[in-house]
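Beneath this line is the structure, given in structure tokens, with notes to follow.
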Amino acid sequence: MAVIDLANPTRFLTLVNRVLPWLAAATLLAFAFGLVRAMHAPDDYQQGATVKIMFLHVPAAWLGMVGWSLMTLAALGTLVWRHPLADVAGKAAAPIGAAFTFICLITGSLWGRPTWGTYWVWDARLTSVLVLFLLYLGMLAIYWTAEDPGRGSRAAAILALVGAVNIPIIKFSVEWWNTLHQPASIIRLGGSAIDPSILVPLLIMTGAFTLLFFTLHLAAMRNEILRRRVRSLRLMQAQELRA
Amino acid sequence: MQLTADNLACVRGGREVFAGLNFSLSGGEALLVTGRNGAGKSSLLRMIAGLICISVGRLALAGGEDDAGIAEQAHYLGHQDAIKPALSVRENLQFWADYLGGGNVEPALAAVDLVQLADLPAAYLSAGQRRRLSIARLVAVRRPLWLLDEPTSTLDAPSQKRLAELMRGHLAGGGMIVAAAHGSIGLERARELTLGPV
Amino acid sequence: MQLTADNLACVRGGREVFAGLNFSLSGGEALLVTGRNGAGKSSLLRMIAGLICISVGRLALAGGEDDAGIAEQAHYLGHQDAIKPALSVRENLQFWADYLGGGNVEPALAAVDLVQLADLPAAYLSAGQRRRLSIARLVAVRRPLWLLDEPTSTLDAPSQKRLAELMRGHLAGGGMIVAAAHGSIGLERARELTLGPV
Amino acid sequence: MSAFTSLIVRDMRVAVRVGGGALMGALFFLIVVVMMPFAIGPDMRLLARIGPAILWLGALLATLLALDRLFATDHDDGSLDLLMMGTMPLELAVAAKGIAHWLTTALPLVIISPVLGLMLNVEWDAMGWVALTLLAGTPALTFIGLIGAALSVALRRGGLLLAVLVLPLTIPVLIFGVAAANAAIIGPAPFGPPFTILCALSLGALVLGPFAAAAALRHGLE
Amino acid sequence: MSAFTSLIVRDMRVAVRVGGGALMGALFFLIVVVMMPFAIGPDMRLLARIGPAILWLGALLATLLALDRLFATDHDDGSLDLLMMGTMPLELAVAAKGIAHWLTTALPLVIISPVLGLMLNVEWDAMGWVALTLLAGTPALTFIGLIGAALSVALRRGGLLLAVLVLPLTIPVLIFGVAAANAAIIGPAPFGPPFTILCALSLGALVLGPFAAAAALRHGLE
Ligand code: HEM
Ligand SMILES: Nc1ncnc2c1ncn2[C@@H]1O[C@H](COP(=O)(O)OP(=O)(O)OP(=O)(O)O)[C@@H](O)[C@H]1O
Ligand SMILES: Nc1ncnc2c1ncn2[C@@H]1O[C@H](COP(=O)(O)OP(=O)(O)OP(=O)(O)O)[C@@H](O)[C@H]1O
Ligand SMILES: [Mg+2]
Ligand SMILES: [Mg+2]
């Protein structure tokens with residue numbers, strides 16, 4: 001195991017080091033472009049300027065879910081193929097996804113104030129997103145308390161699979177229960193229901209945030225791999241001492 | 001039937017315990033695993049019992065019921081004897097007999113001389129009596145492979161003799177034994193496997 | 001100093017284990033308690049350690065610090081080694097050293113050859129390594145009376161030799177040892193006390 | 001006896017003799033309910049209104065109390081090793097333990113809930129329905145908790161971690177349980193839909209729980 | 001280090017490494033509080049009204065979750081035997097364990113309670129008082145629980161039976177705690193009287209608890 005830990009990710013590291021700068025640059029570009037477009041987007045006739053929150057809210061919500069989905073895939077990688085990189089990918093995704101979910105909650109409730117007249121209502125979508133956030137916290141708790149990384153990642157993987165049930169609930173809560181919250185209006189059968197003048201910048205911003213997500217994720221993965229290297233080197237040292 | 005290990009390695013807590021281990025054991029044979037504290041005897045037994053997953057190398061048991069894995073055909077007698085203090089001696093044994101595949105309790109109790117204590121709560125047992133209770137498991141349920149981790153510790157002389165008897169009987173019946181110990185366990189003509197630096 | 005028991009009896013779980021026990025042990029002497037499983041060896045040790053209250057007879061330790069009871073002047077090494085898996089080896093020992101009256105940890109770790117493992121979590125220790133860790137307690141804190149319950153079980157040969165050394169040293173320093181065992185524990189010229197039907 | 005039933009019987013015996021979580025759970029349940037009136041004050045209408053919620057919260061937290069030792073005890077005394085070496089698939093063994101736990105911890109709560117309901121002056125006839133929702137919903141709590149218990153053994157961690165992992169997953173159960181109970185007592189919403197969802201959750205947990213828990217235990221092997 | 005402090009440090013170390021410690025406690029408390037609205041419904045006024053009760057319940061549960069194993073773990077691994085052979089009187093050792101337990105489970109809750117109070121929209125300034133009641137009251141919970149923990153070790157079987165006798169002792173603490181908190185938030189009843197009673201209870205428990213627990217352990221010797 002120790003052997004694999006060192007060998008296999010090495011190729012991945014070199015790859016990351018090559019890709020990361022470009023990814024970061026692309027992110028910056030996308031944001032610059034997207035922000036400009038967002039600024040010039042017209043205000044909503046009933047929601048006014050608050051509609052601009054959407055440019056932060058929707059991508060955050062979407063990436064919060066992407067984060068968990070990614071962890072679910074990584075979980076399969078960990079449990080089925082026992083691939084060390086899968087551990088790393090899952091662990092790296094957790095805090096980032098949690099952050100985006102948190103942003104989604106904050107922006108959402110800020111947006112709720114003007115539109116619904118309250119920061120919070122207990123409807124299906126908001127609730128399921130909150131559950132998602134709590135699950136993220138549980139996931140982080142596992143990584144905090146696990147004594148050795150292997151053990152922790154396997155437990156986390158199982159929690160990820162179990163928690164995956166929540167994702168479709170979030171996505172379709174708006175269809176299944178009649179909620180206060182917007183039904184899907186961007187991606188849906190029969191074309192989008194949002195005016196292009198808002199839709200286009202929204203899509204660009206979503207793209208930008210997605211790029212940001214993966215930039216952060218790759219960087220986090222790199223750090224995690226390095227951290228594990230240090231750890232296993234320490235253990236080997238201890239072994240040298242004993243032998 | 002035959003148990004073979006080829007190029008088996010064990011890593012625990014990120015540290016390599018042993019590596020490149022090869023042995024093969026066939027029906028009626030006993031393997032005595034020895035070595036310093038921390039050499040990996042218990043780890044090896046737990047690996048065979050399927051309680052530690054094998055990272056490198058492979059283990060195979062040929063000639064048993066081929067649908068069942070090694071674990072289902074093995075008895076594991078570890079440092080901890082799976083005994084619930086709240087249950088009586090008989091209840092404890094009865095449960096494991098039922099759970100591990102059905103077997104007859106009374107003769108097993110007799111074989112380890114616990115008949116008089118059968119109705120005491122297991123909390124009342126002394127160290128050696130507890131040990132004997134967990135040995136009774138091996139007698140109650142027939143399984144071809146016995147994995148014994150320092151089986152004689154805390155046993156008094158008569159019990160040690162009785163255990164030796166049981167082991168011989170098991171071998172005579174074509175069973176196999178892999179035992180970890182520091183001294184002898186009363187099995188003459190058992191092959192020896194020494195782990196780690198001698 | 002001198003440990004005397006007169007007409008000591010032990011009742012556990014409503015059943016009499018032994019009765020009318022008399023012995024006396026003075027500084028530099030060792031007493032080896034033997035007997036069948038369930039004869040009452042561990043019970044006797046726990047009684048001396050004050051962990052079972054004495055129903056009949058009396059125990060006295062003369063010539064120690066007279067304000068302190070027997071328990072405060074004795075080390076008890078039982079079947080369970082009071083080790084917390086979550087703490088490192090050194091942390092475990094350090095705690096007991098501090099709690100039992102202050103002592104020096106490093107030499108103790110060296111005496112049982114655990115220096116290299118000192119910073120591992122105790123969860124990683126093998127059975128014998130755990131045993132050695134609890135033996136280290138005896139070295140870290142000076143107490144005149146050692147109560148050892150099957151001290152050599154799970155120890156490999158070198159460790160057994162090391163333990164014997166420690167015990168001889170303790171006796172030479174005027175200490176006393178009461179040990180329960182089924183085999184020899186490497187102490188020549190130890191008086192023997194056999195409990196129960198032989 | 002078959003391996004499955006023998007495991008159930010054994011776990012129940014131990015639970016009953018040692019006391020285990022069962023008593024603690026019931027007692028905590030009682031304390032929660034007794035305390036509420038003091039917390040909220042003598043406003044009886046209000047009490048009746050949040051009565052079901054309180055009962056459900058009590059049930060949830062009580063289940064939690066007993067849960068964290070479910071696999072830990074077996075792990076500590078080496079039983080878990082042997083349970084894994086049985087001829088029966090581990091999933092079934094886990095399920096058996098879950099059932100035993102439900103019978104000794106949750107069922108008593110369900111049974112005494114009507115009495116406690118009276119203390120929260122929920123009408124007697126409505127109480128039957130509330131008890132029914134508890135009966136239908138508590139299996140979900142137990143079997144979701146099963147996963148947490150297995151995880152905390154696999155992680156060699158206990159205490160609050162379990163709660164942190166399990167509670168979020170139980171939120172839907174709580175929501176629909178209370179919704180069904182309220183529907184039964186106050187109306188006007190129909191009792192059917194939330195209740196069916198509750199049953200669905202329990203069934204889902206009954207299937208998913210043992211698999212996830214068994215997986216957690218297996219991967220905890222190192 | 002002195003025996004007393006070393007025992008506190010050791011217990012806290014174990015608690016933090018095994019249970020995740022303060023962070024976990026905070027997380028747990030957060031989740032418990034977050035779950036309330038699911039059960040009770042989004043009625044903010046009502047939430048504010050029972051906010052203190054919820055905080056107190058959370059505190060009680062968190063205390064109980066860890067408590068029942070307080071001496072059991074030490075008994076199972078033989079530590080208890082050695083703790084009894086120390087030069088320090090057993091009462092002090094027991095007190096040390098109690099303090100460690102309070103520091104690792106109760107204190108974190110007290111510290112974050114104001115934040116959680118906001119989620120239950122209790123006003124910020126009142127929250128200070130609520131936290132104060134928790135600070136004054138939780139020691140009582142811990143040290144009363146101490147007795148139950150000791151009893152359940154002393155009498156292997158039916159130990160819980162006696163815990164059942166002890167746990168109800170916590171009800172007065174909860175009642176006066178919540179009363180004081182409510183007085184601070186809503187009034188009109190004065191804050192002083194219930195609060196002083198609360199402090200009295202804590203002091204009483206601090207003195208009585210260790211003696212009772214130590215006695216229980218000694219008589220548990222057989
Ligand atoms: C804390 C409260 C809120 C939460 C947790 C939340 C959560 C979500 C989630 C999970 C999505 C789905 C994103 C996706 O499907 O990719 C979403 C989308 C959206 N939310 Fe919110 N939301 C909240 C409040 C609001 C408010 C107050 C508004 C404005 C009235 C709003 C407007 C939208 C819109 C327009 C979308 C895009 C719908 C689509 O095309 O899928 N949200 N939100
Ligand atoms: N906790 C207990 N409660 C009641 N009876 C007990 C308890 N522990 C042991 N006994 C009984 O006391 C007797 C002596 O037990 P003890 O452990 O002292 O024997 P021992 O000589 O140490 O045996 P071993 O060699 O197996 O360690 C046994 O018959 C046992 O049944
Ligand atoms: N749970 C564990 N996690 C990590 N490492 C472990 C664990 N258990 C044991 N080890 C390590 O694995 C090595 C082998 O342990 P094992 O128990 O197999 O030794 P052993 O040969 O049985 O020793 P003993 O004779 O003392 O029983 C030891 O060096 C120990 O430090
Ligand atoms: Mg071993
Ligand atoms: Mg003994």
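Chain naming here is simple, since letters A, B, ... match the order of the sequence lines and numbering starts at 1 in each.
- Atom CZ of R131(B) and atom NE2 of H79(C) lie 11.5 Å apart (nearest 0.5 Å).
- When heavy atoms are compared at a cutoff of 4.5 Å, R132(C) approaches chain B solely by way of its side chain, counted from C-beta outward.
- Nearest heavy atom pair, residue G38(B) against residue S126(C), reads N-OG, 3.5 Å.
- Of the possible donor and acceptor atoms, none in the side chain of N37(B) sits under 3.5 Å from a partner among the backbone N and O of Q129(C).
- Contact annotation: the side chain of P158(B) approaches that of R36(C) to within less than 4.5 Å [non-hydrogen atoms, C-beta and beyond].
- Of the two parts of L125(B), neither the backbone nor the side chain holds a non-hydrogen atom closer than 4.5 Å to a non-hydrogen atom of chain C.
- For a residue to count as touching a neighbouring chain, one of its non-hydrogen atoms must lie under 4.5 Å from one of that chain's; by this rule P121(C) does not touch chain B.
- The most heavy-atom pairs under 4.5 Å with chain B, out of D156(C), L155(C), T154(C), come from D156(C).
- Looking at S159(C), only its side chain comes within 4.5 Å of chain B, counting heavy atoms on both sides.
- The number of heavy-atom neighbours closer than 6.0 Å to CZ of R168(B), taken from other residues, nucleotides and ligands shown, is above 12.
- When the shell of 6.0 Å around CZ of R142(B) is examined, it contains 12 or fewer heavy atoms from other residues, nucleotides or ligands.
- Side-chain contact between R15(C) and L120(B) is present, with at least one heavy-atom pair separated by less than 4.5 Å.
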